[in-house]
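Below: one structure, written as structure tokens.
Keep in mind that the numbers below use all heavy atoms, side chains included, and drop hydrogens, waters and symmetry copies.
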Amino acid sequence: MQYKTLFALTLGIAALSGCVAPVGPVEVTRFHAPDIAALGHGAIAIEPAPGMDGQSLEFRSYAAAVMRQLTLLGYSEQVAGTSPHIAVVRLERDTYQPQRARGPVSVGVGGSTGSYGSGIGVGVGFDLSGPPPEQVETRLSVTIRHRASGQALWEGRAAYTVNAKSPMANTQLGAAKITEALFKGFPGVSGETIEVK
């Protein structure tokens, strides 16, 4: 019975660790106006960037994650069109197949000379690992503007890439990860690019 319990516990831990898949660092760049006193205060509304479908489920997931972070920073959510500040959100997600670094077949030639003569050998190697896994790149940008003047007070851009089969390629998990990284240390050093792990 003891071994069965240990086996079940091991399986449970393995399943949990599979759920929290590691993700590479999120690259983040922020810019802000010299006067940052207005940042983190007042009512704000999320608006899609031009060309974005603000009603798509994917966009709404990322918009909700952005609003969650803005609320933690001190903003209060307000109905679109009435808030003094707006957060313009742009989301881009691309799936691509990386190219193999080298060909599937490699040929090596070696030679040697010694007291008993010389010899040349030829070796052929085959890479049977298959093509590199498909990748998903996610790019998120948020611009906080003053509604009346249209002035950009803060802009942040974040991007990361994961295996297409990773749980982090999932919209819900990915939205939480990238928005947390984007607003970490808000407002950040203007013009500086950092990697958030």
Side-chain angles (χ1 to χ4, degrees), residues 16-54 56-80 83-96 135-147 149-197:
L16 282 175
S17 64
C19 293
V20 187
V23 61
V26 179
E27 187 174 275
V28 176
T29 306
R30 278 85 65 97
F31 302 93
H32 56 74
D35 181 14
I36 59 173
L39 291 174
H41 306 286
I44 195 166
I46 301 283
E47 292 187 4
M52 296 295 305
D53 179 5
S56 74
L57 288 176
E58 186 174 54
F59 178 85
R60 286 163 57 188
S61 294
Y62 280 85
V66 168
M67 182 53 75
R68 190 176 312 116
Q69 292 299 316
L70 290 172
T71 302
L72 291 173
L73 291 171
Y75 285 101
S76 58
E77 184 175 4
Q78 193 164 330
V79 178
S83 62
H85 295 103
I86 55 174
V88 181
V89 176
R90 178 176 296 281
L91 171 68
E92 298 171 291
R93 282 167 55 85
D94 294 318
T95 302
Y96 65 93
Q135 303 289 303
V136 176
E137 181 182 15
T138 302
R139 297 180 300 277
L140 177 71
S141 67
V142 178
T143 304
I144 298 175
R145 295 185 180 279
H146 187 265
R147 184 183 295 280
S149 66
Q151 179 190 4
L153 305 174
W154 182 90
E155 181 181 352
R157 304 171 193 161
Y160 76 96
T161 303
V162 293
N163 186 311
K165 294 182 180 178
S166 165
M168 291 306 299
N170 173 285
T171 296
Q172 298 299 327
L173 294 175
K177 172 70 177 182
I178 199 169
T179 54
E180 285 173 13
L182 181 61
F183 290 101
K184 186 173 183 179
F186 180 85
V189 178
S190 189
E192 181 181 64
T193 297
I194 62 171
E195 287 190 345
V196 180
K197 295 183 179 178

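- In this structure, CD in E58 is found 8.0 Å from CE in M52, a value given to the nearest 0.5 Å.
- Pairing each heavy atom of F59 with each of V89, the nearest pair is CE1-O, 3.5 Å.
- Remark: the R157 side chain and the S141 side chain contain no N/O donor-acceptor pair separated by less than 3.5 Å.
- Residues A45 and Q78 come closest through the heavy atom pair CB-O, 3.3 Å.
- Taken to the nearest 0.5 Å, the NZ atom of K184 stands 10.0 Å off from the CZ atom of R30.
- A donor-acceptor pair is defined here as one N or O able to donate and one able to accept, closer than 3.5 Å; such a pair exists between the side chain of S190 and the backbone of H32.
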Would you check, one step at a time, whether the test side chain to side chain contact (heavy atoms under 4.5 Å, CB included) holds for V196 with Y160?
-> CA-CA 10 Å; V196 180; Y160 76 96; over 6 Å; no
Decide yes or no on side chain to side chain contact (heavy atoms under 4.5 Å, CB included) for Y62 and V142, but give the supporting numbers first.
-> CA-CA 11 Å; Y62 280 85; V142 178; over 6 Å; no
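- Closest approach of A87 to L70, counting heavy atoms only: CB-CD1, 3.8 Å.
- For the 3.5 Å distance criterion, the side chains of T193 and E27 fail to qualify, holding no donor opposite an acceptor.
- Residues I44 and I144 share a closest heavy-atom pair of CD1-CG2, 4.1 Å.
- Put simply, the side chain of Y75 never gets that close to the backbone of A43: no donor and acceptor are under 3.5 Å apart.
- Taking every heavy atom of both residues into account, A65 and A175 meet most closely at CB-O, 3.7 Å.
- The CG atom of L91 sits 8.0 Å away from atom CD1 of I178, with the distance rounded to the nearest 0.5 Å.
- The aromatic rings of F183 and W154 sit parallel to each other, their planes meeting at less than 30°, with 60° as the upper class boundary.
- In this structure, the side chains of Y96 and T161 come closer than 4.5 Å at one or more pairs of heavy atoms.
- Among E92, M168, R93, the one residue that satisfies the side chain to side chain contact (heavy atoms under 4.5 Å, CB included) test with T138 is R93.
- Between K197 and P25 the shortest side-chain heavy-atom distance falls below 4.5 Å.
- In this structure, M67 CE and S76 OG are separated by 8.5 Å, a value rounded to the nearest 0.5 Å.
- For the atom pair CD (Q135) and NZ (K165), the distance works out to 11.5 Å, reported to the nearest 0.5 Å.
- With contacts defined as side-chain heavy-atom distances shorter than 4.5 Å, the pair T71/R68 does not qualify.
- Taking every heavy atom of both residues into account, L173 and P167 meet most closely at CD1-O, 3.4 Å.
- Taking NE2 of H85 as the reference point, atom NE2 of H146 lies at 5.0 Å (rounded to 0.5 Å).
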